[in-house]
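Written below as structure tokens is the structure these notes are about.
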Amino acid sequence: MTVLSLDQGASVSEIKKQYRLLSLKFHPDKGGDEDLFMRIAKAYSALTNDESRQNWETYGNPDGPRATSFGIALPAWIVDSKNSMLVLLVYGLAFMVILPVVVGTWWYRSIRYSGDQILINTTQLFMHFMYKTPNMNMKRLSMVLTAAFEFDPRSNKEATIRPTDNIQVPQLIRELGNINVKKKEPPFCYPYSLKARVLVLAHLSRMDVSEDIEEDQRFVVRKSPALLQEMVNVGCQLTMMANSRGGFHAPRLVSIENCMKLTQMIVQGLQESKSPLLQLPHFEEEHLRYCISKKYKVRSLQDLVSLKDSDRRSMLRFLGEEKYDEVMAVLASFPHITMETKLQVLDDEDSNNITAGSIVTVTVTLTRKRMAEVFEKEQNATPCLGVGEEASTEDAAAQGDASKTKAKVWQSKTKAAKKTKQSKKKKLTKKKPLPLPAAKAKQANGSASGSEVVAVAKEDEEDGSDKGSESEEGEGNKDSPSERDEESDKQSDTEQDEIAGDDEEEWEALQQSIQRRERALLETKSKVTHPVYSLYYPEEKHEWWWLYIADRKDQTLVSMPYHVCTLKDTEEVELKFPAPSKTGNYQYSVILRSDSYLGLDQIRPLKLEVHEAKAVLDNHPQWDIPETEEEDEEQEDSDGIEESEEEDEDND
């Protein structure tokens with residue numbers, strides 16, 4: 001339009017008219033400009049063609065959309081040939097000097113730490129002392145813990161040595177008493193190790209420290225749970241090495257359990273000999289005499305829970321109403337864990353039969369509830385303890401025993417679980433039908449003794465056997481052989497249906513366990529569970545647990561401790577271990593330990609009956625090929641050979 005000097009919406013007649021005027025004026029034969037005339041002719045052909053005009057109006061080009069081109073906006077001085085040497089120098093410095101230095105520094109720092117962000121030197125230190133001292137008491141354990149290189153300023157920049165340590169650390173040593181200061185064994189005699197040990201012991205004693213080293217104490221306390229977890233892992237590794245290779249003594253069970261106990265003590269700021277009641281707010285040492293008196297005998301959190309509300313208020317009257325409510329609120333938030341165990345051998349024909357050397361799987365289902373729910377159940381259960389006149393003698397005896405000795409909350413739950421299991425077993429066992437006269441006698445005399453009923457039943461059985469012997473011949477003559485065959489077929493069909501139903505149930509259970517394990521592998525759960533109530537821990541912590549199987553008689557681990565870090569409501573954990581190589585009965589323990597609270601650990605017995613393993617069949621039936629099949633195969637092979645020879649002769 002611009003070339004033809006027309007408006008945007010000009011018609012075709014206007015375009016043709018304007019083209020004639022411009023061609024008379026700018027045609028080369030008339031002395032006009034050749035380039036300008038070519039542009040006029042191109043514009044005319046484009047505007048008179050419908051498709052070209054539409055492309056021009058849409059894309060601004062009569063030929064259609066142009067190819068899109070991209071470019072990088074670089075400063076002009078980079079592409080300038082004068083600055084080429086400077087640009088090459090900068091690139092060489094960045095990619096050949098700075099980048100390798102950064103990557104090398106990062107790699108050097110990363111290889112010093114394990115996957116749990118623990119220094120490799122610290123792990124080697126723990127392994128050395130746990131190998132050297134298989135039976136490690138709490139005093140020795142605290143020394144090994146505080147010798148970690150995380151507390152050495154030369155290995156960790158977060159650790160510091162202050163000039164005031166020479167004054168304040170000896171003062172704390174005098175207040176604490178004997179802490180093996182004169183021990184010259186390295187690294188326990190190093191200043192950083194001595195300082196860390198003093199700060200940990202002062203934390204466990206709940207001593208006040210000066211502001212100068214309070215920050216250092218918070219750092220040591222904050223690092224200690226992760227270091228103790230590393231010690232548990234090291235103990236498990238040494239146990240596995242000792243079981244597989246032999247040649248040295250594995251760490252004793254008490255050493256690994258002391259690591260777990262020390263974690264609880266550090267989180268709560270309590271010594272091993274102190275009462276678990278001191279975890280609650282407003283409880284002091286002088287208040288414990290009210291709890292351990294002969295009237296109440298409260299020594300643990302479980303004892304405090306099992307008290308009636310009136311007795312609890314009377315015992316804790318020294319607190320006042322507000323403080324009592326706060327103590328109850330904190331106690332109600334404490335965890336109450338129930339454990340259900342299931343013993344089986346997975347991927348075996350008989351999963352309940354444990355043979356020597358088989359891999360045993362113990363499935364533990366953990367259910368976490370708040371202690372407040374235990375309060376509510378206890379209050380709801382107290383009005384139901386009265387015995388009615390119409391109650392049976394067994395119920396009256398059971399309730400009488402309950403009124404004599406009040407059971408703890410945890411004990412009552414375990415007993416109830418055992419009773420339900422026994423009742424289920426009784427329901428599953430089929431009762432033999434009593435003879436008719438014995439049944440009538442039992443209905444007529446409900447209070448008859450068991451011996452009389454047994455005597456009547458025996459007499460009836462003798463009479464029935466005599467009568468049966470007389471009528472056997474007559475009944476045999478009445479029943480035809482075809483009827484007997486039908487009855488036997490029906491019985492065999494019912495037995496096959498029962499076997500098929502059992503196989504289907506086992507198959508479904510196996511599939512469910514496989515799906516559960518696949519979901520556990522693919523699913524990533526958060527380690528944020530429930531916050532821990534602690535008066536002396538410097539940062540927020542969440543509830544984690546250790547679950548393992550141990551032989552407390554031999555003081556050995558049976559299964560490696562599983563660190564349960566995702567228990568919010570329910571969690572299912574599989575513990576696997578090889579069955580003993582010798583047959584017999586074994587008594588193990590399933591142990592659950594908290595890493596945050598004292599006095600909430602649980603121990604459940606686990607009975608294991610090991611049978612002799614089945615002999616391996618040398619000649620399995622599936623490999624037995626009948627002789628007829630072998631002869632048929634040989635005949636087919638010989639026929640094929642003869643046919644091939646005949647074909648060769650024909651070709652010749």
Side-chain angles (χ1 to χ4, degrees), residues 109 112-123 125-126 138 141-162 164-165 168-169 172 176 179 187 190-234 258-272 274 278-279 281 526-546 563-565 593-598:
R109 290 180 179 177
R112 297 171 58 229
Y113 292 88
S114 64
D116 298 328
Q117 296 302 311
I118 304 296
L119 287 169
I120 300 296
N121 293 335
T122 300
T123 303
L125 177 75
F126 291 164
M138 196 66 73
L141 181 62
S142 62
M143 296 175 66
V144 175
L145 169 67
T146 52
F149 288 95
E150 272 76 3
F151 306 134
D152 188 357
R154 294 172 298 180
S155 302
N156 189 4
K157 293 181 179 180
E158 296 182 26
T160 55
I161 295 292
R162 304 177 187 276
T164 56
D165 293 344
Q168 295 175 351
V169 172
L172 289 174
L176 289 170
I179 60 169
Y190 295 162
Y192 81 89
S193 176
L194 182 61
K195 177 184 177 181
R197 183 160 75 250
V198 169
L199 293 178
V200 168
L201 295 177
H203 171 73
L204 297 180
S205 302
R206 295 187 175 183
M207 294 173 54
D208 294 331
V209 296
S210 61
E211 296 181 357
D212 296 337
I213 59 175
E214 186 178 2
E215 184 179 353
D216 299 340
Q217 187 185 41
R218 286 198 297 267
F219 166 73
V220 172
V221 171
R222 190 170 62 249
K223 283 282 186 181
S224 295
L227 294 172
L228 288 167
Q229 173 60 34
E230 185 68 14
M231 293 185 73
V232 172
N233 295 338
V234 168
N258 280 340
C259 296
M260 301 176 183
K261 291 178 183 177
L262 186 57
T263 307
Q264 302 172 358
M265 294 160 53
I266 289 177
V267 172
Q268 294 296 334
L270 277 178
Q271 294 179 347
E272 186 179 11
K274 298 298 181 181
L278 295 176
Q279 299 173 103
S526 173
K527 292 187 177 182
V528 179
T529 55
H530 297 274
V532 175
Y533 179 82
S534 177
L535 296 169
Y536 292 90
Y537 197 68
E539 65 181 10
E540 185 181 10
K541 190 184 181 305
H542 292 271
E543 295 176 9
W544 292 347
W545 305 82
W546 284 290
H563 205 197
V564 184
C565 304
R593 290 193 182 276
S594 172
D595 73 336
S596 306
Y597 295 107
L598 283 83

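Here the structure is a predicted model, which is why all the values come from computation and not from measurement. All values below come from the heavy atoms of this structure, side chains included, with hydrogens, waters and symmetry mates left out.
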Check your understanding: Thinking salt bridges, do D212 and R162 make one under a 4.0 Å N-O criterion?
Key -> no

Practice item. Decide yes or no for T263 and W544: does some side-chain heavy atom of the first lie under 4.5 Å from some side-chain heavy atom of the second? Key: no

Exercise for review: Would you check if P191 and D165 make a side-chain contact, meaning some heavy-atom pair closer than 4.5 Å?
Suggested key: no

Check your understanding: With a 4.5 Å limit on heavy-atom distance, are the side chains of F219 and N156 in contact?
Key -> yes

Point to revise | Residues Q271 and S205: side-chain donor-acceptor under 3.5 angstrom | key: yes

Exercise for review: Please confirm whether the backbone N or O of S142 pairs with a side-chain atom of R197, one donor and one acceptor, at under 3.5 Å?
Suggested key: no

Check your understanding: Under the 3.5 angstrom rule, does the side chain of K195 hit a backbone N or O of T160 as a donor-acceptor pair?
Key -> yes

Check your understanding: Rounded to the nearest 0.5 Å, what separation is found between the OH atom of Y192 and the CD1 atom of I161?
Key -> 10.0 Å

Check your understanding: Sub-3.5 Å donor-acceptor pair from the side chain of T146 to the main-chain atoms of A196, do we have one?
Key -> no

Point to revise | Nearest atoms (heavy-atom pairs only) where C565 meets T529 | key: O-CG2, 3.2 Å

Exercise for review: Would you please name every residue forming a salt bridge (Lys or Arg N to Asp or Glu O under 4.0 Å) with K223, sequence neighbours left out?
Suggested key: none

Point to revise | Polar side-chain atom of Q217 near backbone of L199 as donor-acceptor pair, under 3.5 Å | key: yes

Check your understanding: Looking only at side chains, do E150 and T122 share a donor and an acceptor under 3.5 Å apart?
Key -> yes

Exercise for review: Determine whether M231 and L141 make a side-chain contact, defined as any pair of heavy atoms from C-beta on separated by less than 4.5 Å.
Suggested key: yes

Revision key, fill the gap. Taken to the nearest 0.5 Å, the spacing of Y536 OH from I266 CD1 works out to 15.5 Å

Practice item. Compare all side-chain heavy atoms of Y597 with those of Q264 and state whether any distance is below 4.5 angstrom. Key: no

**Study point:** side-chain contact (heavy atoms from CB on, under 4.5 Å) partners for D116, two or more places apart
**Key:** S114, I118, E230, N233

Practice item. Find the distance between OH (Y537) and CD (Q268) and round it off to the nearest 0.5 Å. Key: 11.0 Å

Check your understanding: Should D595 and W545 count as side-chain neighbours, where that means a heavy-atom distance under 4.5 Å?
Key -> no

Point to revise | Under 3.5 Å side-chain donor-acceptor pair for K541 and S596 | key: yes

Review point. Do P281 and Y533 come close enough that some side-chain heavy atom pair is under 4.5 Å?
Key: yes

Review point. Which value, rounded to the nearest 0.5 Å, describes the distance between R112 atom CZ and I120 atom CD1?
Key: 10.0 Å

